[in-house]
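Chain letters run A, B, ... following the sequence lines, proteins first, then strands; residues in each count from 1.
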2 protein chains.
Amino acid sequence: MATIEDVAKLAGLSRTTVSRVINDQPYVTEEKRQRIVQAMKDLGYVPNSSARRLRSQKTETIAVLLPRITNPFFGNLIEAMEQKASEWGYQVIVCQTHHSSKKEIDYLQLLKTKQVDGVIMASLVNDWKDVEPYLESGPIVFCNEYMEDASIPMIHMDHKTAAYEAAVHLLEQGCKHIAYASGGPESHLGAMRKQGFLEALEEYGRPFLEEINIDWAIDVSDGQKVFHLIRSEFPYIDGVFTGSDEVAAGLIYEASSSDWQVPEDLAVVGFDNQMVSLLMVPSVTTIQQPVIQMADKTVEVLIQQLLHPGAIAPKRYVYPHQLLLRNSTKRREAAIQ
Amino acid sequence: MATIEDVAKLAGLSRTTVSRVINDQPYVTEEKRQRIVQAMKDLGYVPNSSARRLRSQKTETIAVLLPRITNPFFGNLIEAMEQKASEWGYQVIVCQTHHSSKKEIDYLQLLKTKQVDGVIMASLVNDWKDVEPYLESGPIVFCNEYMEDASIPMIHMDHKTAAYEAAVHLLEQGCKHIAYASGGPESHLGAMRKQGFLEALEEYGRPFLEEINIDWAIDVSDGQKVFHLIRSEFPYIDGVFTGSDEVAAGLIYEASSSDWQVPEDLAVVGFDNQMVSLLMVPSVTTIQQPVIQMADKTVEVLIQQLLHPGAIAPKRYVYPHQLLLRNSTKRREAAIQ
DNA sequence: TTGTATGCGTTATCAT
DNA sequence: ATGATAACGCATACAA
């Protein structure tokens, strides 16, 4: 592999001059610039990334921590982030934590080992005290996830209010016994949602169903399990709040395969407004998140921190959500959409 | 940030000895080893990745090129690959090409700049002659995509036969006018599938419908567009071969929203056996790929090339597919599943 | 405008 | 068993 030295020799100039050409710096005669460009072409020269990183102490790379990429929400998030980052000349490393606090910490190590310049955490299962120490190795920004006590930029929705509204909607539709079926027991987000859910119940004077407090529902098959649990153990349940459209879809699918009618026997709300929520029959009432906007802002905030270290103050960016009313909860009004 | 030098000083030893401890090499007294370990802990020392890479000429990182991560097939693929790679201590960089030949080449540059040790191409829109030159910078392996003329390991299914079988199935179900609606016009895979599709038509003496030769159908909304195109322009069509379950889902959704019955008026086959193909009503006949197995094998083959350069010969690993018969094509027999 | 010399943090070679 | 030194490829301060 050709090095900068080889190029310099072939062009009959010094490494420094070659370096100037590579980095588009001034003070190089057009004639010599041409000679160097030609030499680089002839040798098929490409700057060695590791050497550059070592010298410049920069990687132009950011890590994005998220639970699993097969979750469409995170798939969309990472796609948007990658796009935005590349506009700034940054690469993105995808880090799947699978809700493991150990993996989360392992990936934060990328910051210490200087493999990345900054980290976006869209997965958060550790306590702030365990994350904070890594701040000294580079900036960290939260996206989607958030925590009151952290002193870093956070880009997210108000999940508590969103869950509250979803629960109120179920109650307004006449649901009397609403089950809570969410996932990621460790997630701080889950805690926020549950708070909102509980507040709605309290406001309407309905008790929380302790007997079916599900914290392991993440995907379609979990949704199916939840339905069977409801049918066999708690058939009086007439409404379910789920943490994702996938869980909702699994639930509805199984309900339809049995003798249950959705929403008449069981109303279901999802979360995220994924494609599947629209494709299901009935379509799924869900909460839409402004994924692209959050992704863009997150990348922008992080890169600004990298470009101007210590410049801007930690700030929260709260994005609006929207409860999309569809047929899986339509127990009272006329058909929606 | 602490360096190996700092650790050496604190422990009162040389960098060399510290390095030995870091890399678990012999010839270090247990006592000194302890001293060094303690010093590392005290300083919060972590080896600098860039320096290591520069020195060792290895990154322990591989790049995976794929069209888009939001396509569930690739989401599953990358998830499995990442898992397998991490077992070998390798990191994975996700590179979305979005079917752009320029991006594909840009990402191959990662090999030349030594940002990665090897590349897995699950996206392939360039000709082999444009890819081959990068081989001298490191090993490349194809996954899912394949090309007859390439002399590198390829892990894939027989897409031609799979498409053939799907088309035959439609024909056997009595479809007389079958549309072809696939995506990625540049993909070599697409060409293979089309071949199989055409062979089936010919075998059954049916003409190819030149008038509706769709090569832009990739996601759900494309599927919806395809249906509207069929209804308004080619209502005589009674069967569709799609390149993905998402397209099939969009098609079926729109058909159901109109007055068309699936499969009576229009039979539809998908591809990939994604979750959505099972959730749709009717469920979607589709082709299952052994994603995990292919992902695992691909990573294994690539890493073997890295560990034993030039050792094993290029080889093809062809995995079996399976046509899953479901309700979206059930025009003749009793209900399936 | 161009070149020389130094160092980024590691690891490998060769002494001791 | 331990240490001094060079080298990986590049970019920069400084000199010319």
Distance-only criterion, 3.5 Å: show the donor-acceptor pairs between side-chain atoms of residues 82-94 of chain A and protein atoms not counting sequence neighbours.
from	atom 1	to	atom 2	distance (Å)
A:Glu82	OE2	B:Tyr107	OH	3.2
A:Ser86	OG	A:Gln83	O	2.8

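For the pair B:Thr16 and B:Leu54, both in contact range of DNA chain C, the more 5′-proximal nearest nucleotide belongs to B:Leu54.
Fit an axis to the five pairs at each end of the helix from C:dT1-D:dA16 to C:dT16-D:dA1 and the two axes sit 40° apart, to the nearest 10 degrees.
Contact annotation: side chain of B:Arg55 to base of D:dA7, donor-acceptor pair present below 3.5 Å. No hydrogens or angles were tested; on distance alone, nothing pairs the side chain of B:Arg53 with the base of C:dG9 as donor and acceptor under 3.5 Å.
OP1 or OP2 of C:dT2 has at least one side-chain nitrogen or oxygen of A:Thr29 nearer than 4.0 Å. Neither OP1 nor OP2 of D:dG3 sits under 4.0 Å from any side-chain N or O of B:Tyr27. Taking only side-chain nitrogens and oxygens, B:Thr17 comes nearer than 4.0 Å to OP1 or OP2 of D:dG3. At C:dT11, one or more side-chain N or O atoms of B:Ser19 fall inside 4.0 Å of OP1 or OP2 (strictly under the cut-off). B:Lys32 has no side-chain polar atom (N or O) that falls below the 4.0 Å cut-off from OP1 or OP2 of D:dA1. Between C:dT11 and B:Gln57, no contact under 4.0 Å exists linking OP1 or OP2 to a side-chain N or O. At the phosphate of D:dT12, OP1 or OP2 sits under 4.0 Å from a side-chain N or O atom of A:Gln25. Close to C:dT10, at under 4.0 Å from its OP1 or OP2, lies no side-chain N or O of B:Arg15.
A:Gln115 has its CD atom 16 Å from the P atom of C:dG9, to the nearest Å.
For A:Arg20, the side-chain atoms get nearest to C:dG3 when compared with the rest of C:dG3, D:dT2, C:dT1.
A:Pro47 comes within 4.0 angstrom of sugar-phosphate atoms only, judged by non-hydrogen atoms across all strands, and of no base.
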